[in-house]
Number of protein chains: 2
Amino acid sequence: MPARIEDVAAHAGVSTKTVSRVLNGHTTVRVKLRTRIEASIRTLNYVPNPSARSLAGNRSYLVALLYDNPAAGSSYVMELIVGVLQACKETPYNAVLHPFEATEDLVAKIDGFVAQHRPDALILAPPHANNAKLLQRLDELELRYATISSKSRQSPIDISFDERKAAADIVGHLISLGHRRIGHVAGLKGHGAHAWRLSGYRDALRKAGIAYDESLVIPGDFTFASGMAGAKALLNRRHPPTAIFAANDDMACGVMREGYERGLAVPGDLSVCGFDDTPVALLVSPGLTTVHQPCREMGRMAVESVLQSIREPDLQRHTRAPYEMRLRASTAAPAKKR
Amino acid sequence: MPARIEDVAAHAGVSTKTVSRVLNGHTTVRVKLRTRIEASIRTLNYVPNPSARSLAGNRSYLVALLYDNPAAGSSYVMELIVGVLQACKETPYNAVLHPFEATEDLVAKIDGFVAQHRPDALILAPPHANNAKLLQRLDELELRYATISSKSRQSPIDISFDERKAAADIVGHLISLGHRRIGHVAGLKGHGAHAWRLSGYRDALRKAGIAYDESLVIPGDFTFASGMAGAKALLNRRHPPTAIFAANDDMACGVMREGYERGLAVPGDLSVCGFDDTPVALLVSPGLTTVHQPCREMGRMAVESVLQSIREPDLQRHTRAPYEMRLRASTAAPAKKR
DNA sequence: GTCAAAAGTACCAGCGCTGTCAAATGAAAA
DNA sequence: TTTTCATTTGACAGCGCTGGTACTTTTGAC
């Protein structure tokens, strides 16, 4: 039978209430006493019973991570999860992972979830971070939440990185290599990742004085198949692009596949770059030039911020995580012939 | 404020205890009454408070998934997680994910984890499934657990699939294409996945009457880099193999990269196959021939079995999940010239 | 040395549920 | 019909902790 708070109190010669104060970080305990109590806790290997804590304190010590359908098996989400779990480990909080599809009955579903788990805070991964109805419901339920890469300014706490600038950087890199006709396979409309990355693409073209050609932008949906389809459309043009910027790595892989099917050399005949730097970027050959999105870091930050906001309800914070270009072998100067 | 069991009892005109019986699936409630209570539960949108339940019932309704260092960002684990979460959703149980490194202080670490979360059951992913010390400690703590792909017969509940046969199948496929000199980049020693896949490789050779040549087997560690290194060693031979079987997909990608660096065509000059069918197998070009390991399904099964074993403590069950070959474009008949 | 503020104690209710065990019920037996 | 006994239901304590109130002790400023 594990030790109880009572045992610790007896061991340290104090009241249970004082032990409780120490456990909960209340500042009204003198250092000397606190030290003694902490020693007793360690000696007895005491760990508070989370259920009793939750029940009495009306808190669950749970942070829920809401992400979209995992069927995609998206490594983006995996990385987020890793970050969230890491961050939780350093706190008394625990993570609940919840794949969540925002269908018609969103409100009922979220209510059910909240009723069942009673999380103290939520973290919304894209695209939920942009779902106004969802955010509204959470506000009504007076739940704290953090969003990741939210488009809307509604969210009090948001962790993002400058996707627009990152996209501009990577397209700028293609331009600096000498590319002038650059295709773009865009993401799913409605996702922030669609708009920002497209804007960045346009920014880079503008900066280089290259006219924007709408027909060089093909809509995609972040899947490998849509990347292939996008590449097919672009490469079937009379003047195909010499480089393609895909709005994520999976689509970039699709582009590379289409190139492969046609016997085009990457990067010799076609430069390809992606976005996100998911693990696959390292595994494909040639290695994929992409932008490293600090998913783990963002997961961590989301947890930290949202927990802080429990203590400071007025907290507003829009954090921008740093990103990095990862220049690998899938991009090079265009072939001489043109 | 959400409904409490008391509210349901009042609404249905019974005692709280009877409601509790219905909630916990006790069979000693008359059908008529049970129906009435279930109706009340639905009307009031009642969901039991998990903390109160745990506290009173001395159960946590938690299933812990112990997996190895997630730094690898392994999609194997991701798939397992998805399966485990799915399975939990249909039960009152929740999953706790716990990346866990089995270092020296394993016992202390596992004790700490158990003290903190008090899971009712554990699921051990490889390589923990083979860690005798860990299993022993769990036995001492009288915790129920299921292992996934455990080598040892110690585990009462294990979910696996016939890796040896699967490996033999895929190497058999290479042989049937006409390959005779087939290299193998093996996994990390100690992992079941190392021994089984190597045995399968040998089985297939034996069956085809091809002599086993130890020098064609290069040790690896399941990483991309070790796959590259293994391929390097194999391709530097005076008579390089015409096909390489890597013990997992990441290493197969490393093999493909090494081929790419040398200007070898896959599958024209070198056939490559992997194992696991992680998402990357679909993303690389050419698509990777591999064995589909039903990770999700195995995660689900592990949860189901281990929960069943809570009700039936004597339960022993070694389940074999079905696997499938995924023949893609990375394998073909060897070049004519030899 | 005085006194207010801070730090700590003692005590108890109660969070929402389940386990124990006794009471009520109902069907079969007498 | 009454008795018997298994089945079904209920009353109540208590799981381990925190919040609150009321009170005592310590601290440090003057």
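In what follows, chains are A, B, ... by sequence order, proteins preceding strands, each numbered from 1.
- When rounded to the nearest whole Å, the span between CZ of A:R34 and P of D:dT26 equals 20 Å.
- Within 4.0 Å (heavy atoms only), B:R59 reaches sugar-phosphate atoms of the nucleic acid but no base atom.
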Result block: side-chain N/O donor-acceptor pairs under 3.5 angstrom for residues 50-57 of chain A, not counting sequence neighbours:
residue: A:R53; atom: NH2; partner: A:N24; partner atom: OD1; Å: 3.3
residue: A:S54; atom: OG; partner: A:P50; partner atom: O; Å: 2.7
residue: A:S54; atom: OG; partner: A:R59; partner atom: O; Å: 3.3

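- Taking B:N130 as the reference, nothing meets the side chain to side chain donor-acceptor pair (under 3.5 Å) condition, with sequence neighbours excluded.
- Taking side-chain N and O atoms only, B:R4 has no distance below 4.0 Å to OP1 or OP2 of C:dG14.
- Residues from residues 39-55 of chain A lying near DNA chain C, meaning a heavy-atom separation below 4.0 Å, are A:L55 in numerical order.
- Sorted by first and then second residue, the ring pair (Phe, Tyr, Trp, His ring centres under 6.0 Å) pairs with a member in residues 31-54 of chain A form an empty list; sequence neighbours excluded.
- In this entry the distance linking OH of B:Y61 with P of D:dC15 reads 18 Å, nearest Å.
- Taking only side-chain nitrogens and oxygens, A:N24 comes nearer than 4.0 Å to OP1 or OP2 of D:dT18.
- Checking B:S160 against B:S149 by side-chain atom types alone, no donor-acceptor pair falls below 3.5 Å.
- Not counting sequence neighbours, the partners of B:H98 by the ring-ring contact (aromatic ring centres under 6.0 Å, His included) test are B:F100, B:F113.
- Side-chain contact, B:S309 with B:R144: a donor N or O sits under 3.5 Å from an acceptor N or O.
- Among residues two or more places apart in sequence or in another chain, the salt bridge (Lys or Arg N to Asp or Glu O under 4.0 Å) test is passed with B:D111 by B:R137.
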Filtered N/O pairs between nucleotides 6-8 of chain D and protein, under 3.5 Å:
residue: D:dT8; atom: O3'; partner: B:R30; partner atom: NH1; Å: 3.3

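- No hydrogens or angles were tested; on distance alone, nothing pairs the side chain of A:R21 with the base of D:dG19 as donor and acceptor under 3.5 Å.
- Every residue was checked against the ring-ring contact (aromatic ring centres under 6.0 Å, His included) condition with A:Y145, not counting sequence neighbours, and none meets it.
- Between the P atom of D:dG16 and the CD atom of B:Q116 lies a distance of 18 Å, rounded to the nearest Å.
- Whole-Å rounding puts the A:N58 CG to C:dG14 C1' distance at 12 Å.
- A salt bridge (Lys or Arg N to Asp or Glu O under 4.0 Å) check over residues 85-99 of chain B, counting only residues at least two apart or in different chains, returns the pairs B:E90-B:R300.
- Every residue meeting the side-chain contact (heavy atoms from CB on, under 4.5 Å) condition with A:Q308, not counting sequence neighbours, appears here in chain and number order: A:R311, A:E312, A:L315, A:R317.
- Contacts between residues 12-19 of chain B and DNA chain D, defined by a heavy-atom separation under 4.0 Å, are made by B:V14, B:S15, B:K17, B:T18.
- In this structure, the side-chain contact (heavy atoms from CB on, under 4.5 Å) partners of B:R21, at least two apart in sequence or on a different chain, are B:K17, B:T18, B:H26, B:T28, B:V29.
- D:dT9 atom C1' lies 10 Å from atom CD1 of B:I37, rounded to whole Å.
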